[in-house]
Each structure stands twice: as C-alpha cells, then as structure tokens.
*Asks:* 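Could you have a look at this structure, given as structure tokens, before my questions?
In what follows, chains are A, B, ... by sequence order, proteins preceding strands, each numbered from 1.
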Amino acid sequence: MTDVVYLNVDGEQVKARPGMRLLDVLREQGVDIPTLCDHEGLVPWGSCRLCMVEVTERGRNRLVASCLYPAERASDVYTESPRVRAARRFVLTLLLARNADVQLVQELAGRYGVSRLERLPAKQEKCTLCLRCVRACAVQGHSAIGTAFRGQEKKVGPPFDEPPADCVGCAACAAVCPTGAIEVIEKGDTRTIWGRTFELVRCKKCGAGFATCEQLVWVRKELGQEIEDKLCPCCRQRDEAQRMVKG
Amino acid sequence: MATEPAGSDLPEILARYPRQPGELLNVLIDLQAHYRYLPKKALKETAEYLNVPFSQVYSVATFYKALSLKPRGEHVIKVCQGTACHLRGAPAIIEELQNVLGIRPGETTSDLKFTLETVNCLGACALAPVMMIDDATYGELTASKLRNILQKV
C-alpha cells in the first residue's frame with residue numbers, strides 16, 4: 001500500500017495518509033464541514049448525515065458520509081457542490097422541524113438557507129439522536145443508557161425510563177451532548193442525572209465537587225488500586241507539579 | 001403457556017443458548033413465545049447471562065414489533081390495512097373488531113384472550129379484506145363472518 005493518497009478537493013490537490021478519515025483530511029485543509037454526531041473521543045457513527053460530501057472515484061460518483069469514509073485512492077472530492085448542499089439542506093429541514101428551539105440547528109439552518117417547512121409538524125425536542133451520549137457511556141464502560149423504540153418514537157435514555165442501575169453519575173453523556181439535551185442538576189452535595197441522585201465527593205484542597213462516590217468506586221475497580229488523596233483534576237495537577245519541582 | 005412473570009423456567013430457557021451476545025435476539029424471541037411478553041426481570045437476567053448491557057437488551061426489546069413489554073393475548077389478530085384491503089372495507093372490519101372485543105388496535109383484552117393489531121400488508125391482496133389470527137389467514141371478510149370466526153377461535 002502506498003503511504004500517500006492524492007485527493008482533489010474542490011479543485012485543489014491535497015495529500016492524505018491512506019485510511020485517514022475524509023472528514024479529518026478536509027478539516028486539516030481548513031474546510032468547514034458541519035457535524036453533529038462526530039466527536040474526537042468517540043467512535044465515528046455517521047448518524048447525523050451532515051458531513052456528506054460528493055466523491056468521484058474510479059469514474060463513479062456518489063455522496064458519502066465523510067466521517068466514515070477512508071481516503072484510500074486518488075479521487076475528486078466536492079465539499080459544497082449543489083448535490084452536497086441539497087443533501088445537507090434536506091437533513092437540516094428535518095432537524096429544524098424536530099429541534100426547532102436548538103440554537104446549533106438554527107445556526108446551521110441559517111448557514112444553508114433552510115427555513116421551517118410548514119407541512120412538517122414542529123417539535124421542540126432538544127435531542128437530535130446523534131447518539132454521542134450513548135457512545136460516551138459505552139466507552140466509559142457503563143452502557144447505562146441506550147436507544148429505545150424506533151422511528152418517530154425513538155429516544156435515548158435508561159431502560160424503562162427508570163433511574164439506571166449501571167450509571168455512576170459521571171455526566172460524560174451530558175458533556176458530549178451537542179445540544180444540551182441531558183439535564184444535570186447539581187445542588188449542594190448532590191448531582192441528579194437520568195432521575196438518579198448521586199453524592200458528590202469534594203476536593204480536599206479547593207472543595208469543588210468533582211466526582212460522585214460511585215464514579216470513584218468504579219475508577220478504583222478499573223485501576224485495581226486505592227485512590228489515596230481525593231483531589232480534583234486541577235488540584236492534582238498542581239500537586240504533582242509542586243512535587244516535581246521539590247523533588 | 002404461562003403469563004406470570006419470569007419464574008423458575010427462565011434458567012431453562014437461557015440454558016438453551018450459548019452465552020454469547022449474538023444470541024440476544026434468539027433468546028428474546030423465545031421468551032416472547034413463552035411468556036407472551038418480555039418481563040423486566042427476564043430482560044435483566046438475559047443481559048447478565050449473555051453479558052450484554054441491560055440498556056442494549058432494552059433497546060432491542062423495544063425495537064422489534066414482534067417483541068412486547070406488555071402481556072399480549074393468547075391470540076394475536078392482525079388486520080391488514082394495505083391499499084387493496086383498505087379499499088375493500090378494512091376500516092369497517094377494524095371497527096367491528098373494536099366493537100366486539102372492546103379494544104383499540106395495539107391493545108389486549110382484559111382476559112388476555114385477544115390482542116388487536118393492524119399491519120400494512122399481509123401479501124394476500126386477492127383475498128382483501130384479509131386478517132390473520134395467529135398463523136391462520138381469513139380472507140374476503142365481512143362483519144358477519146367476523147363474529148363466526150371469533151367464536152370458533
């Protein structure tokens with residue numbers, strides 16, 4: 001296999017490493033590709049269909065999701081062709097109907113000149129079903145939340161909409177959500193998420209509530225060792241640095 | 001056929017399958033046939049047995065129409081709503097079934113005898129309007145034929 005692939009991106013020659021995701025190649029070139037479901041810490045998913053680009057390869061032309069498409073051989077890539085814009089506009093029309101109040105969706109719709117289609121029933125959903133939260137929960141090793149039902153009824157949440165037994169309250173799901181659809185309430189010494197309330201552990205130094213008890217139990221189990229001093233990531237870094245300076 | 005929540009027969013059902021995540025759907029279909037629905041407890045134990053996250057078991061259990069979280073009737077009635085059946089009077093058939101059974105599509109009678117469902121095509125358009133009760137097909141239906149059929153079930 002060659003160690004370089006030449007792509008023609010919107011008329012400009014671009015070098016890429018074989019197997020690299022087309023989306024990453026394009027972003028390195030400074031091409032602004034809209035995405036909802038893509039996240040650097042998560043497995044590529046291809047569910048939002050916003051990163052579609054047109055690829056002509058070996059005489060065959062088609063639309064592909066650039067987040068799932070590996071650069072493997074010489075090809076022409078069009079990132080803002082009429083066909084690409086039409087595909088993105090279609091997706092944004094549906095998103096705008098489902099997520100009418102979501103700022104990110106409104107911004108993208110504005111950028112592509114998409115306005116509300118009256119015949120689609122307007123919904124005020126916050127969730128776009130990009131499934132970043134589900135993947136984040138899985139990669140953390142919990143898989144406490146997942147999808148339920150399908151089609152119009154499809155939604156994300158814990159099984160039976162009950163406080164999930166497998167959740168440790170890390171709130172990684174909320175952290176990766178592009179639309180702020182997952183509610184996390186922190187009040188005093190507690191954090192409530194997915195209908196379950198967790199006790200927060202406070203940093204010995206600064207007093208910030210930085211993790212839940214369940215989260216630390218999980219980390220201890222994963223590391224197979226005790227966590228000696230309970231410091232928040234910030235104070236821990238400072239502590240380590242000071243020890244290095246002294247040492 | 002038992003409808004009580006997962007009891008002692010659950011381990012026996014699970015034991016028919018190797019403990020592999022890929023067996024999930026096979027187990028769920030088997031549980032559905034046995035209990036006529038998927039009890040929560042059975043789903044939890046299935047997750048544990050196959051080493052699949054409970055959230056994923058729930059995801060699959062709610063995805064397929066053949067699986068149900070609520071108890072279904074002893075007999076499942078599927079009335080075709082395809083174009084041919086619709087034109088030849090399916091709406092009247094559904095209305096008559098609703099009147100006789102006292103339930104709407106998607107519901108189950110309180111004695112757990114019948115579940116009423118609508119489907120989009122049974123592939124027997126020449127027999128329109130058509131319905132299925134369990135594995136038997138009934139065609140060229142009329143309201144008067146319906147009562148006869150139901151009484152025989």
*Asks:* Quick one: what part of A:Ala148 sits under 4.5 Å from any heavy atom of chain B, side chain, backbone, both or neither?
*Replies:* both

*Asks:* For A:Phe90, does the CZ atom sit with more than 12 other heavy atoms under 6.0 Å from it, leaving out its own atoms?
*Replies:* no

*Asks:* In residues 82-103 of chain B, what donor-acceptor pairs under 3.5 Å come from side-chain atoms, sequence neighbours left out?
*Replies:*
{"residue": "B:Glu96", "atom": "OE2", "partner": "B:Arg147", "partner atom": "NE", "Å": "3.1"}
{"residue": "B:Glu96", "atom": "OE2", "partner": "B:Arg147", "partner atom": "NH2", "Å": "3.0"}
{"residue": "B:Asn99", "atom": "ND2", "partner": "B:Glu95", "partner atom": "O", "Å": "3.4"}

*Asks:* Distance-only criterion, 3.5 Å: which donor-acceptor pairs connect chain B and chain A?
*Replies:*
{"residue": "B:Lys40", "atom": "NZ", "partner": "A:Glu162", "partner atom": "OE1", "Å": "3.3"}
{"residue": "B:Lys40", "atom": "NZ", "partner": "A:Glu162", "partner atom": "OE2", "Å": "2.4"}
{"residue": "B:Ser55", "atom": "OG", "partner": "A:Ser143", "partner atom": "O", "Å": "2.6"}
{"residue": "B:Ser59", "atom": "OG", "partner": "A:Thr147", "partner atom": "O", "Å": "2.8"}
{"residue": "B:Ser59", "atom": "OG", "partner": "A:Thr147", "partner atom": "OG1", "Å": "2.7"}
{"residue": "B:Thr62", "atom": "OG1", "partner": "A:Phe149", "partner atom": "N", "Å": "2.8"}
{"residue": "B:Phe63", "atom": "O", "partner": "A:Arg150", "partner atom": "NE", "Å": "2.9"}

